[in-house]
**Student:** 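Structure provided below as structure tokens; questions to follow.
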Amino acid sequence: MRGWAIAVHGGAGVDPCLPAVRQEEARRVLSRCLKKGAAALQAGLTAVDVVEMVVRELETDPVFNSGRGSALTRRGTVEMEASIMDGRGRRCGAVSGLSTVKNPVSLARLVMDRSPHSYLVFDGAEEFAREQGVEMVDNSYFITEENVGMLKLAKEANSIMFDYRVPIPGVDSCSASAGLMGATAEGGLQMNGLPISMYAPE
Amino acid sequence: TVGCVVVDNNGWCAAATSTGGLMNKMSGRIGDSPLIGSGTYACDVCAVSCTGEGEAIIRSTLARDVAALMEYKGLSLQEAVDYAIKERLDEGKAGLIAVSRNGEVAYGFNTVGMFRGSATQDGFMEVGIW
């Protein structure tokens, strides 16, 4: 046993043209969260407490796509989801469709610790959150100016963006531009106004 | 999407993942992050957190596959991560981070980049993107 270890991520599918200032911002947040987790492990906290604490930190910072700074639905709202799993006994908890819970990962933890279930979604999850007294905020708290602009671009490009980039017009496949769901017009089948092929990769 | 995987001083592993999902997604859409065994998994061997194209991660039960490759094929953590990313995603684009009960840390991705960081008790610390 080599002692404790920790890893964090802030999402894959990074835009190759990400400006240097954004890269520095992301590195700063990752370093801060990593150090916080490492200090907690050094102090003897358990693995499940540390992963919850670190993901809360990442949810609170608007730099990444979770909690505040979450991607927006086509209606311009936020619907968040999270899960947590403790290798000790393989216990787990998950939530989806949250729109007012400030830290989704902590509600997932409560599903694991204080409910008979392993997964609660939408209204049921929000009701459970009220019962448990977790911090709840207005949906607008999660919405950033930048993401409102991104959603507008996505709608104009008629696309679902997996890495926040505007599809290059005429892109005929997702792989041609890493991480993008460009509208590919295979056949006529549409869903939500988009070619069905759009959803397959998603 | 954000995630964290940890192995503590007692060798216990844990994983957590949280996301806002996809920009311009339909209301009601659920991705891989909350699905245990796909976006998140932890057992007494390792802990895994995934990010990327939800459909590919769900279909490949990516997080559980890393643990199964270690349990049943006896692969090391990095070998299991590399195999899962290389062989399980078909055309999908994704990345993952993982730790093992022995204190190893590993990651893999087939996208252009993945925001990531890792640290171990012996003082190693790294933050990367590309």
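First the proteins, then the strands, lettered A, B, ... as listed; each starts at 1.
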**Student:** Please check if any side-chain donor atom of B:S18 sits under 3.5 Å from a side-chain acceptor atom of A:S66, or the reverse.
**Tutor:**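 No, no side-chain donor-acceptor pair sits under 3.5 Å.
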
**Student:** When you look at B:F115 and A:V8, which way does the side-chain contact (heavy atoms from CB on, under 4.5 Å) test go after all the steps?
**Tutor:** CA-CA 8 Å; B:F115 294 113; A:V8 295; over 6 Å; no

**Student:** What pairs with A:A5 under side chain to side chain contact (heavy atoms under 4.5 Å, CB included), at least two apart in sequence or on another chain?
**Tutor:**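 Counting only residues at least two positions away or on another chain, A:A5 forms a side chain to side chain contact (heavy atoms under 4.5 Å, CB included) with B:V7, B:V99, B:V105, B:T120.
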
**Student:** B:Q121 and A:W4: side-chain contact (heavy atoms from CB on, under 4.5 Å), yes or no, with the steps?
**Tutor:** CA-CA 5 Å; B:Q121 187 163 3; A:W4 57 257; 3.3 Å; yes

**Student:** Checking A:E79 against B:S27: is there a side-chain donor and acceptor pair closer than 3.5 Å?
**Tutor:**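 There is such a pair (donor and acceptor under 3.5 Å, judged by atom type) between the side chains of B:S27 and A:E79.
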
**Student:** Taking it one step at a time, do B:V2 and A:N65 satisfy side-chain contact (heavy atoms from CB on, under 4.5 Å)?
**Tutor:** CA-CA 7 Å; B:V2 299; A:N65 172 18; over 6 Å; no

**Student:** If you take all heavy atoms of B:P34 and A:S96, which pair is closest and at what distance?
**Tutor:**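 Where B:P34 meets A:S96 most closely, the heavy atoms are CG-OG, 3.2 Å.
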
**Student:** What's the spacing between A:I84 CD1 and B:T40 OG1 if we round to 0.5 Å?
**Tutor:**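 A:I84 CD1 to B:T40 OG1: 9.0 Å, rounded to 0.5 Å.
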
**Student:** Check each of A:V48, A:L41, A:T46, A:D49 against B:V6 using the side chain to side chain contact (heavy atoms under 4.5 Å, CB included) test, and report the only one that passes.
**Tutor:**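 With B:V6 as partner, side chain to side chain contact (heavy atoms under 4.5 Å, CB included) holds for just one option, A:L41.
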
**Student:** For the interface with chain A, which of B:T19, B:I36, B:V127 has the highest count of heavy-atom pairs at distances below 4.5 Å?
**Tutor:**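 Heavy-atom pairs under 4.5 Å are most numerous for B:T19.
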
**Student:** Give me the atom names and distance for the closest heavy-atom approach of A:L34 to B:S118.
**Tutor:**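 Shortest heavy-atom contact: CD2-N, 3.3 Å.
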
**Student:** Name the residue from B:M23, B:R29, B:K25 that meets the side chain to side chain contact (heavy atoms under 4.5 Å, CB included) definition with A:T73.
**Tutor:**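 Considering B:M23, B:R29, B:K25, a side chain to side chain contact (heavy atoms under 4.5 Å, CB included) with A:T73 is found only for B:K25.
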
**Student:** Within this structure, what is the CZ-CE distance for the pair A:R75 and B:M26, rounded to the nearest 0.5 Å?
**Tutor:**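 So the CZ of A:R75 and the CE of B:M26 are separated by 9.0 Å.
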
**Student:** If every non-hydrogen atom of B:G128 is compared with every non-hydrogen atom of A:R27, which pair is closest and at what distance?
**Tutor:**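 Closest heavy-atom pair between B:G128 and A:R27: CA-NH1, 4.0 Å.
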
**Student:** Under a 4.5 Å heavy-atom cutoff, which of B:G39, B:G28, B:S33 has the most pairs with chain A?
**Tutor:**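 Ranked by heavy-atom pairs under 4.5 Å with chain A, first place is B:G28.
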
**Student:** Taking side chain as everything from C-beta outward and backbone as N, CA, C, O, which of these in A:L98 sits under 4.5 Å from a heavy atom of chain B? Side chain, backbone, both or neither.
**Tutor:**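 Neither part, no heavy atoms under 4.5 Å.
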
**Student:** What part of A:V54 lies closer than 4.5 angstrom to a heavy atom of chain B: side chain, backbone, both or neither?
**Tutor:**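 Answer is side chain: those atoms of A:V54 sit under 4.5 Å from chain B.
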
**Student:** Any idea which heavy atoms bring B:A16 and A:V105 closest together, and the distance?
**Tutor:**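 Taking every non-hydrogen atom into account, CB-CG2, 3.9 Å.
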
**Student:** Hey, does the side chain of B:N9 reach the backbone of A:Q42 with a donor-acceptor pair shorter than 3.5 angstrom?
**Tutor:**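 No; judged by distance alone, with no hydrogens or angles, the pair does not exist.
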
**Student:** Answer with side chain, backbone, both or neither: which region of B:A47 has an atom nearer than 4.5 Å to a non-hydrogen atom of chain A?
**Tutor:**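 Answer is neither: B:A47 stays 4.5 Å or more from chain A.
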
